[in-house]
Trainee: 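What follows is a single structure, and I will ask about it in a moment.
Since we're looking at a predicted model, the values are computed, not measured. Within every chain, numbering begins at 1; the chains are lettered A, B, ... in the order of the sequence lines, protein sequences first and strands thereafter.
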Amino acid sequence: MALNYQCIDAVSPYCPCYLAETNSCIACSILQGKETCDCRWQGFCVYQEFIWNGRRKKEPRRTLGVKIIEKKTVTNNLIVFKVLLPLAALSREYSQPGTYVFLRAVNSPSYFEFPLCVMDTNEDKNTLTFAMQIIGPKTRSLAREDRTLLLRGPYYNGIFGLKHIKSSVNKKCLLIGRGIGQASLVLVAKTLVRGGNDITAFLDPGVINCNPARELLESLGVRVQVFDFSGSPYENYLRELIENGGYEVVYSGGSETQHNLVKALVEQSGRKIALAVSNNAQMCCGEGVCGSCETLVGGKRLQLCKVQTESKNVMGVNAHA
Amino acid sequence: MPKVIIIGGGWAGCGAALAAKKAGADVVILEKTDMLLGCGLVGGIMRNNGRYTAAEEAIALGAGELFEIADATARHSNVNFPGHSHATLYDVTKIEARVRDFLLGLGIEIRFMSRAVDVRMKGRTITGVILSDDEVVEGDVFVETTGSSGPVGNCLKYGHGCCMCVQRCPAFGPRVSISKKAGAEDLVGKRSPELYGAMSGSCKLNKDSLGDDIRRELEEKGVVVIELPDKFVHKEKLSLKVCQQYALEDYARSIVLLDTGHAKLMTPFFSLEELRKIKGFENARFEDPYAASKGNSIRYMSMAPRDDFMRVEGVENLFCAGEKSGPIVGHTEAICTGILAGHNAARRALKMELLKLPRELSIGDMIAFVNEELKTSEGLYKRYTFAGASYYERMKKLGLYLTEEEAIREKVNRLGLSGIFNENLVVMKENDRSAYNNNTK
């Protein structure tokens with residue numbers, strides 16, 4: 001039995017991509033250089049799209065100049081800012097849970113680009129909101145910008161187990177976010193709200209010393225509780241909640257350590273709970289090309305920026321937690 | 001009770017399900033689309049040439065019900081058309097529901113829109129097949145009858161692209177080679193050293209779209225042959241065809257139509273623009289494939305290496321039949337191989353000795369002969385059918401071609417095989433065991 005995974009970009013306007021042109025397609029066996037069909041079918045034939053497109057990739061994501069329209073330094077290492085997309089780009093294309101973009105300052109070379117999760121979108125105003133933790137040279141350089149940024153996106157594979165979020169209807173859901181990982185909770189919550197789900201979120205400020213997702217979540221009608229996740233009292237409380245709280249979907253936005261704890265608690269509960277987690281792989285290009293997110297999973301090298309799968313398949317294999 | 005899982009509900013899968021059920025197994029058919037019969041939904045030709053013999057052999061062997069349903073659903077019997085004698089043309093618009101009701105009536109479980117994509121193995125034994133929604137269907141023995149045509153990528157790489165045939169891959173997803181997932185590498189048929197597969201040999205016109213005269217003649221006689229103007233003769237199409245029994249000069253020079261409920265046009269594809277210039281075809285439109293102006297499905301892309309018991313080589317509990325089991329063409333061929341595969345699946349589940357059909361029977365000879373041919377360098381370039389080309393010649397040469405029911409029944413009886421597929425092996429084994437227990441008490 002082979003590992004079950006799909007390509008997040010198949011069936012998107014960006015498929016076929018560079019990988020199809022280089023015999024490296026994630027979905028199609030013929031576009032891997034094989035003789036016959038044996039694909040990871042996602043509802044359409046990637047090879048057919050490739051041929052009809054003149055044996056070329058579709059137009060890849062472009063880098064756009066975007067205006068910063070709001071910027072707030074919340075703590076000494078956390079900035080929340082809002083950008084206005086130019087008319088050529090639509091914020092609704094950035095509103096799927098797990099959407100992220102690559103950002104850099106206008107005058108920085110391309111290797112200053114880094115991936116950042118879209119915290120929220122406003123389709124009426126065509127804006128995107130980000131929370132950014134200042135960590136190293138790339139984020140520090142970006143933090144100095146006040147007017148314009150370069151943005152490349154949208155990219156969609158920020159969450160493993162995405163189908164559980166998208167397909168959840170009238171369920172009881174628990175979202176757990178710590179530090180900057182909580183930024184990914186908002187789009188998850190928006191999708192769950194659309195499905196009529198009952199949502200509780202646990203937030204821990206972690207090293208950013210604030211909860212930038214709190215207000216946004218509360219405005220969606222999510223019950224928010226703030227906790228300090230470190231230490232055993234929290235673990236016991238969470239165990240009790242997962243065992244007896246009646247939750248059917250759990251999402252963890254945070255570090256690998258947090259994911260592993262949540263996964264262990266879900267497994268120990270013996271209950272049927274669907275788990276989704278934030279994708280913490282180191283990403284550089286988002287196109288499956290550069291190799292920085294490539295990870296050995298079950299004997300196969302997978303580009304985690306594009307490979308969508310159940311969280312259990314990739315947890316514990318990623319060296320860059 | 002042993003559980004036999006059939007993957008693919010085409011004619012071969014229906015044959016396998018029937019035989020496994022008769023042998024006493026619990027049977028589940030997994031079918032990726034919403035209907036049984038696969039290509040049989042648009043085929044319809046039975047009993048032409050040597051297929052008559054094979055059908056009668058199957059009946060004498062005790063598993064002829066599917067042939068009887070086809071006979072009972074015939075629009076025309078005893079039809080002759082170029083190169084072919086005594087054909088039965090069943091009504092493709094009626095037969096599926098009849099087969100479905102018949103199999104359900106036997107207590108066979110049919111799961112539609114259930115596409116098998118992978119297997120769960122223990123060593124070289126399959127413990128379950130995995131469906132596209134991750135469900136695992138467990139069983140004791142498995143029969144793969146997923147065919148060898150398509151999917152979209154193969155039809156595009158080796159044909160003229162997806163022409164929207166009755167298999168409807170874009171809607172129901174591609175067939176997956178289960179034998180390959182279980183570790184047995186596929187054999188791929190060839191047209192030339194670089195070109196894989198072969199193109200399905202007929203397309204179907206909507207009968208109501210044809211002129212009154214043609215339609216009337218077709219419904220009356222079952223067959224209409226119309227000579228083509230020279231400019232519309234495309235002989236190169238003959239070499240493309242799967243169905244070498246219809247790759248005759250006559251089929252390039254003329255339009256041969258058969259009444260199967262649709263008007264079956266015996267050529268892989270036909271430019272609608274050209275076709276409409278011919279009298280009586282001014283309003284013609286295609287019924288299958290929908291884009292038959294352009295091409296047809298590509299087949300023989302995925303055959304499993306197997307032995308003469310229909311067991312897939314290298315896998316302990318997987319059998320195969322139909323196109324999956326070699327470059328064999330046709331419903332009759334699918335049903336006959338299916339019956340043996342289903343019966344042997346039940347034997348395997350009961351740990352009984354497997355059955356090989358003797359070469360005195362056309363079914364037994366074809367199963368063995370195709371296997372021998374596949375081991376030669378030309379094997380992958382040929383197609384085999386009771387209905388024509390080299391295998392029909394062989395039948396005639398070896399005296400296997402018989403058209404008298406009584407003679408066929410007698411032969412099967414002489415071989416000690418009368419009604420062998422009717423034996424409930426589960427009950428038989430129970431009786432053996434209790435007899436043994438009684439004897440040892």
Side-chain angles (χ1 to χ4, degrees), chain A residues 1-7 10-11 15-16 19-21 23-56 160-164 166-168 272-276 298-300 308-313, chain B residues 32 115-122 126-136 146 148-164 169-183 185-190 194-197 297-303:
Chain A
M1 177 183 173
L3 189 70
N4 190 6
Y5 59 84
Q6 300 199 306
C7 177
V11 206
C15 174
L19 299 184
E21 286 187 333
N23 269 356
S24 319
C25 182
I26 290 166
C28 168
S29 59
I30 292 178
L31 292 173
Q32 290 161 5
K34 301 199 175 107
E35 303 271 15
T36 58
C37 286
D38 184 18
C39 74
R40 299 176 180 279
W41 179 255
Q42 290 178 241
F44 83 143
C45 173
V46 179
Y47 184 60
Q48 167 141 314
E49 295 295 312
F50 185 68
I51 297 299
W52 281 108
N53 203 44
R55 294 182 179 270
R56 285 187 304 264
F160 291 120
L162 184 59
K163 70 173 183 192
H164 300 304
K166 290 172 90 172
S167 64
S168 178
K272 193 168 176 264
I273 296 173
L275 179 64
K300 266 187 106 86
Q308 177 57 220
T309 187
E310 289 285 353
S311 57
K312 65 174 194 292
N313 293 334
Chain B
K32 74 168 181 145
R115 187 168 67 95
V117 297
D118 205 348
V119 288
R120 189 175 272 177
M121 304 282 291
K122 195 172 172 187
I126 301 175
T127 58
V129 289
I130 301 164
L131 304 184
S132 57
D133 64 359
D134 293 339
E135 184 190 338
V136 180
T146 57
S148 66
S149 54
V152 184
N154 283 336
C155 293
L156 184 55
K157 192 169 163 75
Y158 303 108
H160 303 167
C162 173
C163 296
M164 303 177 74
C169 303
F172 294 113
R175 96 186 141 68
V176 171
S177 174
I178 295 303
S179 51
K180 186 175 176 177
K181 298 287 174 191
E185 199 51 54
D186 281 337
L187 300 167
V188 184
K190 291 182 173 182
E194 314 76 43
L195 208 51
Y196 290 133
S297 60
I298 294 295
R299 302 163 75 161
Y300 303 102
M301 295 306 297
S302 160
M303 302 175 290

Trainee: Might you work through the side-chain contact (heavy atoms from CB on, under 4.5 Å) test for A/Thr36 and B/Val188, ending with a clear yes or no?
Mentor: CA-CA 9 Å; A/Thr36 58; B/Val188 184; 4.3 Å; yes

Trainee: Could you walk me through whether B/Met301 and A/Cys37 pass the side-chain contact (heavy atoms from CB on, under 4.5 Å) check?
Mentor: CA-CA 9 Å; B/Met301 295 306 297; A/Cys37 286; over 6 Å; no

Trainee: Under 3.5 Å, is there a donor-acceptor pair between the side chain of B/Asp118 and the main chain of A/Ala2?
Mentor: yes

Trainee: For the pair B/Asp134 and A/Lys163, find out whether any cationic side-chain nitrogen is under 4.0 Å from an anionic carboxylate oxygen.
Mentor: yes

Trainee: Which distance, rounded to the nearest 0.5 Å, do you find between the CG of B/Leu156 and the CD1 of A/Ile30?
Mentor: 7.5 Å

Trainee: If you count heavy-atom pairs under 4.5 Å with chain A, which of B/Pro174, B/Ser132, B/Pro170 comes out on top?
Mentor: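 Max contact count across the listed options: B/Pro174.
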
Trainee: Is it the case that atom CZ in B/Arg120 sees more than 12 heavy atoms from other parts of the structure closer than 6.0 Å?
Mentor: no

Trainee: So for B/Cys155, is it side chain, backbone, both, or neither that comes closer than 4.5 Å to the heavy atoms of chain A?
Mentor: neither

Trainee: More than 12 foreign heavy atoms under 6.0 Å from NZ of A/Lys166: is that the case here?
Mentor: no

Trainee: Is A/Cys39 in contact with chain B via its backbone, its side chain, both, or neither, using a 4.5 Å heavy-atom distance?
Mentor: side chain

Trainee: Does any backbone or side-chain atom of B/Val117 lie under 4.5 Å from a heavy atom of chain A? Answer side chain, backbone, both or neither.
Mentor: neither

Trainee: Report the distance from atom SG of A/Cys45 to atom CG of B/Asn154, rounding to the nearest 0.5 Å.
Mentor: 9.0 Å

Trainee: Where on A/Glu35 is there a heavy atom nearer than 4.5 Å to chain B: the side chain, the backbone, both, or neither?
Mentor: both

Trainee: For B/Lys157, is it the side chain, the backbone, both or neither that has a heavy atom under 4.5 Å from a heavy atom of chain A?
Mentor: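 The answer is both parts of B/Lys157.
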
Trainee: Can you tell which part of B/Arg115 gets under 4.5 Å to a heavy atom of chain A, answering side chain, backbone, both or neither?
Mentor: side chain

Trainee: Heavy-atom distance under 4.5 Å to chain A: side chain of B/Val152, backbone, both or neither?
Mentor: both

